[in-house]
Amino acid sequence: MAPARLVAGGRPLPSSLHTLMPRYNPAVIEPKWQRFWSEHRTFAAPRMPAGPKYYVLDMFPYPSGDGLHVGHPEGYTATDIICRHRRMCGHSVMHPMGWDAFGLPAEQHAKRTGTPPRVTTEKNIATFKRQLQMLGFSYDWDRELATTDPDYFRWTQWIFLQLFDTWFDRDQQRGRPIAELPVPEDVRQAGEEAVRRFQDAHRLAYQSEAPVNWCPALGTVLANEEVIGGLSERGSHPVVRIPLRQWMLRITAYADRLEKDLEGLDWSESIKALQRNWIGRSTGAEVDFYVGHDQGPSGRPHPGEFKEWRNQRAAGSFPDKPGDDVIRIYTTRPDTLFGATYVVLAPEHRFVARLTRPEQADAVKAYCEQAQHKSDLDRTDLARSKTGVFTGSFAANPVNQRPVPIWIADYVLASYGTGAIMAVPAHDTRDFEFARQFNLPIVPVVDPAADAADRAQVLAGEAVFPGDGVSINSSSYDGIPTAEFKQRITADLADRGQGREAVNYKLRDWLFSRQHFWGEPFPILHELDASGNRTGLMRTVPADELPVNLPELEKFESHGSPEPPLDQAPESWLYVTIDGQRYKRETNTMPQWAGSCWYYLRYLDPKNDKALIDPAVEKAWMPVDVYIGGAEHAVLHLLYARFWHKVLYDRGYVSTVEPFQKLVNQGMILGEVELTGYQAEGGEWVSASAVNTSDDDGKPRLKLGGEEVITVKVPFDQVTKSGESFVLKDQPEIRLESRAYKMSKSRGNVVNPDTVVREYGADSLRLYEMFMGPLEATKPWSMEGVNGVRGFLDRAWRMIVNERAEGLELNAAVVDEAPTVEQNRILHKTIQGVTQDFERMAFNTSISKLMEFTNYFFKCDRRPRAAMEQFVLLLAPLAPHLAEELWALLGHEITLAYEPWPRFDPEAVREDTAEIPVQINGKLRARVEVPTGADAPAMEQAAKDDVRIAELLAGKTVVKCVVVPGRMVNFVIK
RNA sequence: GCCGAAGUGGCGGAAUGGCAGACGCGCCGGACUCAAAAUCCGGUGCCCGCAAGGGCGUGUGGGUUCAAGUCCCACCUUCGGUACCA
């Protein structure tokens, strides 16, 4: 039995609960019940589940200064309903809440005002918590945590130490302790320092000097995922690429498992597709194009040396690492090798300098420098036309030995594949564009299907065909379908030691450090030499000395360089001496994603100071049974958390392969629908069909002429619908735009939950958010809709309460007698419907079923108490405050939170007769009453006996009669 | 461009291949009221008709089926994501 019930059990409700208050007044009853639940710890979850467990998790919020938004309670209400329902079904429910409290806004606020981020954060958390509690969610607040708590980030740092201590064993496809990493003999011979550097190069957490996305406006480096089209995701500031020492996490090692394990998860296919897309696994081949160690004046490989190379390769095998004599390329289309007419290197490719002929040196140097300084924004802007430069050198195509020119172009990315490609302009759109630009040969090697529209052009080298077909111009390989050819040529290349099958991912390693103050410090110390410079060696802060706390800073201002703010920390924090060796602390901090990667584990054992979680507790509660949150986290958060979870699994700290068994994304809530009209300068109306709103500057302009027009919000009563669109009543030729926009401060359409609760009550807000439509859909807000569900709650109240009485008393229609057969049928249909709808999270329809119940019983002047009680229990997960109040009024002295969920009785809903539609040629023509169990011939006869049907059948031939017993009858006639 | 989701009354939306529009909002009518609000009762897809009834109807065009909002093919529109990943 759940603890809350023991606490509340048998104890009479405080007398204050029976206030004089005949009208439904959420402003009084909601705070009262919230206090009751809190005082009695009604929703405290047991340490270990008793009976079946159910772990329901919300994506915890970032407590922003703006407070709660109506989008937050949508998911939270859904999870709350699930939890309250499950408790009534006898499950041990885990339902915690906490705060994703590190984050840039608090730090930026600190820069502006000098208020320490911790102070701002605590204030914001207090606001969020008040707002969540005002909505009556059944969280176990004893488990509350914030990622900024030292007791929490102590374990975030501890997990980092595990990542640091782990290498990925490709053969076993799992992470293993670094101590088990096989060290090559030559490294071992080179001494202890060499071994340490070798290990450092294989850890899941490693440092890299790679170019990063530096955003001067935000004063920080951003992850690739945080840069969209060359601008920062947050605030849309320009981003430039500069080199900086960074911490990286080797998530790419887990790419295969992250993709494969999606299969068993109960997530929507579209979210899985999003993740698969992001991981971007592709299969193809790596192929070596011979260039020789050094070319003659012609820039071409020496034929004799090339032949010798081929023989050597044929006798040996394809080397793991390419030597200096070849360009290794990656392709997904090895079947088009005969059509490879040139090779392209990324500007950052290590062979660029070596392969550049003297006469091309200036052009190449200029091009590469330009590419290096190009921001991502520039690259995106220039995406339309291809740029590149010829090196002057050639490589040998391994399948036909022909020399092909080597180019450099920034459409080839250094960070993907091998940083070099073979270009097949006839069958790759980008290569085609490039070849056209620079007049390079285009050789078709795939024949499209005979009926393809542009086949002739493709075969003439005038159009690109990226699809599958049959090989041509491919020597002895002609006439083979694409898929088969890929396999054959890959196998043949492998035999000759010139290629091998290969897999690539779009997913990159995770840039894991930020130049922030307000983040988790790394538990890392950098060794310093005598002059105070880093030696490149480091040591970890031992686990039992964690957490590494943040120092007190006096100033938070950005100093305009990528140096982290922690570099300005007091020396006492910054420098450490151990055994006579001086160290400097790592001054980068972890990104906001870190804390959210594992919070679902800590909730289960939030006070444990010996381990991040007690393994027995972990085993008992994991995995999360339902996880609900916004689709904006569909890729990053969920991928990162899954990655950490898998590492913890490999290292034996968790027992499940995946953390979140079922995932649901709630849809966005938009502002109220707005009608927008357009007026020209003179004030005369312009039809929306003549206005272009999606121009570069976002200002609406006339499609013809391009003059700016002003937008006017039009009240609904001046508008009517004509055909597909809304028009002005007075001027029906003037079309208006009707649509709901994303809530934003600038548009002024933000709905504040505090206002809604004040005017309608928390139960109304909860109910409305669920009644709007399917949980996963994007839906526009409507205050009239809130008023509508409030009307339902008022009606439910009056169905049970005598509103005209002086004090709180039952409606006289509520009687202690058995329900009639029909009343009982309605009740059990409601039980059945609500229960089924809850199971498929169709809360909107479950509410409409409760409305139907209320509509029916409202008309009854005798309302059996038992039916009313069952109704209150069904309503409880949705509108818990009202339900508790009515439950108490119906004479119960303890909370209904653990009352058994109403049981559906199939007998009760059985009817003697059923009304059956009768169709003729598929059109509804009549309805007939038949006994419930009627068989097909009986139904057919009953249909024929109907006067109207008989009339319509008279003189016609019945070709066929389709009868679905219990459902319908259809006559097919001639 | 590619990937994903969605197009149903005036609006939000409902419908295991089997009575399209449940439920709610809005609107119309009635009751109560001096009146209004609140509340209660009834009606409400569109067109024709006094009515009985009939016709049309789930983005568009085809198809499968006795029967299609639902399944298949092609397309249009909107929203979300993504962008030279070879």
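For the numbers below, each heavy atom of this structure counts, side chains included, while hydrogens, waters and symmetry mates do not. Each chain gets a letter, A, B and so on, in the order its sequence line appears, and its residues count up from 1.
- Look at A:K742 and you won't find any side-chain N or O under 4.0 angstrom from OP1 or OP2 of B:C79.
- Counting any heavy atom pair closer than 4.0 Å across all strands shown, A:N855 reaches sugar-phosphate atoms only and no base atom.
- Phosphate proximity of B:G12 to A:K779: absent, as no side-chain N or O sits under 4.0 Å from OP1 or OP2.
- Between the side chain of A:K386 and the base of B:C84, at least one donor-acceptor pair of N or O atoms lies under 3.5 Å.
- The cationic atom of A:R863 (NZ for Lys, CZ for Arg) lies less than 6.0 Å from the six-membered ring centre of A:F858 and within 45° of the ring axis.
- Note on A:R795: a side-chain N or O is less than 4.0 Å away from OP1 or OP2 of B:C41.
- Backbone-only contact: A:F858 has heavy atoms under 4.0 Å from sugar-phosphate atoms and none from a base.
- In this structure, B:C40 forms a base pair with B:G30, meeting either the Watson-Crick or the G-U wobble geometry with both donor-acceptor distances under 3.5 Å.
- In this structure, B:G9 is classed as syn because its glycosidic torsion stays within 90° of zero.
- Side-chain proximity of A:R739 to B:U82, B:A14, B:C79: nearest is B:C79.
- Between A:S282 and B:A86 there is a side-chain N or O to OP1 or OP2 distance below 4.0 Å.
- The phosphate of B:G54 (OP1 or OP2) has a side-chain N or O of A:R948 nearer than 4.0 angstrom.
- A:Y505 and A:T252 share no donor-acceptor pair across their side chains, judged by distance under 3.5 Å alone.
- Looking only at atom types and distance, the side chain of A:T490 has no donor-acceptor partner in the side chain of A:E501 under 3.5 Å away.
- Contact check, A:Y411 against B:A86: no side-chain N or O comes under 4.0 Å of OP1 or OP2.
- At the phosphate of B:G54, OP1 or OP2 sits under 4.0 Å from a side-chain N or O atom of A:R925.
- When each of A:F792, A:F843, A:W781 is tested with A:Y768 by the rule ring pair (Phe, Tyr, Trp, His ring centres under 6.0 Å), just one qualifies, namely A:W781.
- Among the protein residues, A:T331 comes within range of the sugar-phosphate backbone only, with heavy atoms under 4.0 Å from sugar or phosphate atoms but none that close to a base.
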